[in-house]
Amino acid sequence: MGVIYLFSLLLGITCMLLLDHRFRLFFWHDAKAAAIVTAVGVVFLLVWDLAGIGLGIFLRGEGTIATGLLIAPELPLEEPVFLLFLVLCTMVLYTGARRLLERIPARQAERERENV
């Protein structure tokens with residue numbers, strides 16, 4: 001029972017990567033840049049978490065669905081996995097939205113040509 005949250009996060013990461021693969025949005029568009037962005041994002045958010053923990057702002061909550069394993073005081077094993085999911089989700093949504101928004105002017109120009 002204590003691995004449900006971790007398993008859910010890994011499932012979410014898998015789904016994001018499948019969506020990314022299908023539409024070539026992030027890792028399958030430019031793997032090197034995506035790896036750098038992902039690493040920098042996760043490290044930044046981990047440092048942010050550690051600063052919050054050090055200041056007493058962030059505390060680990062008790063949950064029966066979490067593993068209960070800590071990699072640092074008040075930092076559960078699931079936190080870096082969640083941060084990875086957060087960065088992947090953000091970048092897949094960003095690159096997908098950007099691709100959709102780039103199509104709008106092209107479609108408007110196409111409609112204008114059809115109406116002339």
Side-chain angles (χ1 to χ4, degrees):
M1 184 78 168
V3 294
I4 292 174
Y5 181 49
L6 182 60
F7 179 75
S8 298
L9 289 172
L10 293 172
L11 183 63
I13 289 170
T14 302
C15 290
M16 281 295 118
L17 290 173
L18 287 171
L19 190 62
D20 178 20
H21 180 264
R22 165 65 178 89
F23 294 104
R24 308 279 192 258
L25 296 170
F26 188 47
F27 271 99
W28 276 267
H29 177 72
D30 186 349
K32 183 178 179 182
I36 292 169
V37 167
T38 301
V40 168
V42 170
V43 167
F44 173 79
L45 292 171
L46 269 175
V47 169
W48 184 278
D49 275 358
L50 291 171
I53 290 167
L55 293 171
I57 298 169
F58 301 151
L59 300 172
R60 179 177 65 99
E62 294 298 324
T64 58
I65 63 170
T67 61
L69 299 173
L70 299 177
I71 54 176
E74 299 295 327
L75 187 67
L77 172 67
E78 294 87 357
E79 187 66 13
V81 179
F82 168 74
L83 297 176
L84 175 62
F85 170 73
L86 183 66
V87 171
L88 282 174
C89 186
T90 301
M91 292 311 300
V92 167
L93 287 172
Y94 170 78
T95 54
R98 185 172 171 191
R99 184 176 293 172
L100 288 173
L101 291 173
E102 287 172 350
R103 290 183 176 184
I104 292 173
R107 287 188 179 175
Q108 288 175 342
E110 190 177 306
R111 286 186 192 134
E112 288 175 9
R113 280 181 285 188
E114 289 174 358
N115 291 333
V116 174

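In this text, all values refer to a predicted model and were calculated from it rather than measured experimentally.
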- prompt: In the single-linkage hydrophobic clustering (I, L, V, M, F, W, Y; side-chain heavy atoms under 4.5 Å), do Leu69 and Leu59 co-cluster?
  reply: no

- request: Considering non-hydrogen atoms only, spot the tightest contact between Pro73 and Ile53 and give its length.
  value: O-CG2, 3.5 Å

task: Please round to the nearest 0.5 Å and tell me the distance separating atom CD1 of Ile104 and atom CD of Glu102.
output: 10.5 Å

message: With clusters defined by side-chain heavy atoms of hydrophobic residues (ILVMFWY) lying less than 4.5 Å apart, directly or transitively, does Val42 cluster with Ile71?
response: yes

message: To the nearest 0.5 Å, what is the distance between CZ on Phe82 and CD1 on Ile13?
response: 10.5 Å

Leu83, Leu17, Leu93 screened by side-chain contact (heavy atoms from CB on, under 4.5 Å) with Leu88, the one that passes: Leu17

- prompt: Hey, does the side chain of Arg99 reach the backbone of Phe23 with a donor-acceptor pair shorter than 3.5 angstrom?
  reply: yes

query: When rounded to the nearest 0.5 angstrom, what is the spacing between CG in Leu10 and CG in Leu84?
result: 9.0 Å

task: Check the hydrophobic clustering (I, L, V, M, F, W, Y; side-chain heavy atoms under 4.5 Å; chains of links allowed) and say if Leu55 and Leu50 are grouped together.
output: yes

- request: Would you give the length of the straight line joining atom CG of Leu11 to atom CG of Leu6, rounded to the nearest 0.5 angstrom?
  value: 11.5 Å

field: CA sep, side-chain torsions, deciding dist, call: Met16, Phe26, side chain to side chain contact (heavy atoms under 4.5 Å, CB included)
entry: CA-CA 10 Å; Met16 281 295 118; Phe26 188 47; over 6 Å; no

message: Using a 6.0 Å cut-off, check whether atom CH2 of Trp28 has over 12 heavy atoms from anything other than its own residue.
response: yes

task: Output the distance between atom CG (Asp30) and atom CG (Leu25), rounded to the nearest 0.5 Å.
output: 12.5 Å

- request: Mind listing the closest non-hydrogen atom pair of Arg24 and His29 along with its distance?
  value: O-CB, 3.3 Å

- prompt: Same cluster or not: are Phe27 and Tyr94 linked, directly or through other Ile, Leu, Val, Met, Phe, Trp or Tyr residues, by side-chain heavy atoms under 4.5 angstrom apart?
  reply: yes

query: Would Thr38 and Met91 satisfy side chain to side chain contact (heavy atoms under 4.5 Å, CB included), going step by step from the backbone distance to the final call?
result: CA-CA 9 Å; Thr38 301; Met91 292 311 300; 5.7 Å; no

task: Please name the pair of heavy atoms, one in Val87 and one in Val37, separated by the smallest distance, quoted to 0.1 Å.
output: CG1-O, 4.4 Å

message: Quick one, Phe85 and Val81 - any side-chain contact, counting heavy atoms below 4.5 Å?
response: no

- request: Using the side chain to side chain contact (heavy atoms under 4.5 Å, CB included) rule, take Leu46 and Leu75 through it: C-alpha gap first, then chi angles, then the decisive distance, then the call.
  value: CA-CA 9 Å; Leu46 269 175; Leu75 187 67; 4.2 Å; yes

- prompt: Nearest heavy-atom pair of Pro105 and Leu101: which atoms, and what distance?
  reply: CD-O, 3.4 Å

statement: Taken to the nearest 0.5 Å, the spacing of Thr67 OG1 from Leu77 CG works out to 4.5 Å

query: Cluster question for you: counting only ILVMFWY and a side-chain heavy-atom cut-off of under 4.5 Å, with indirect links fine, are Phe7 and Leu9 together?
result: no

- line: Correct closest heavy-atom pair for Phe58 and Glu74 would be O-CB, 4.5 Å

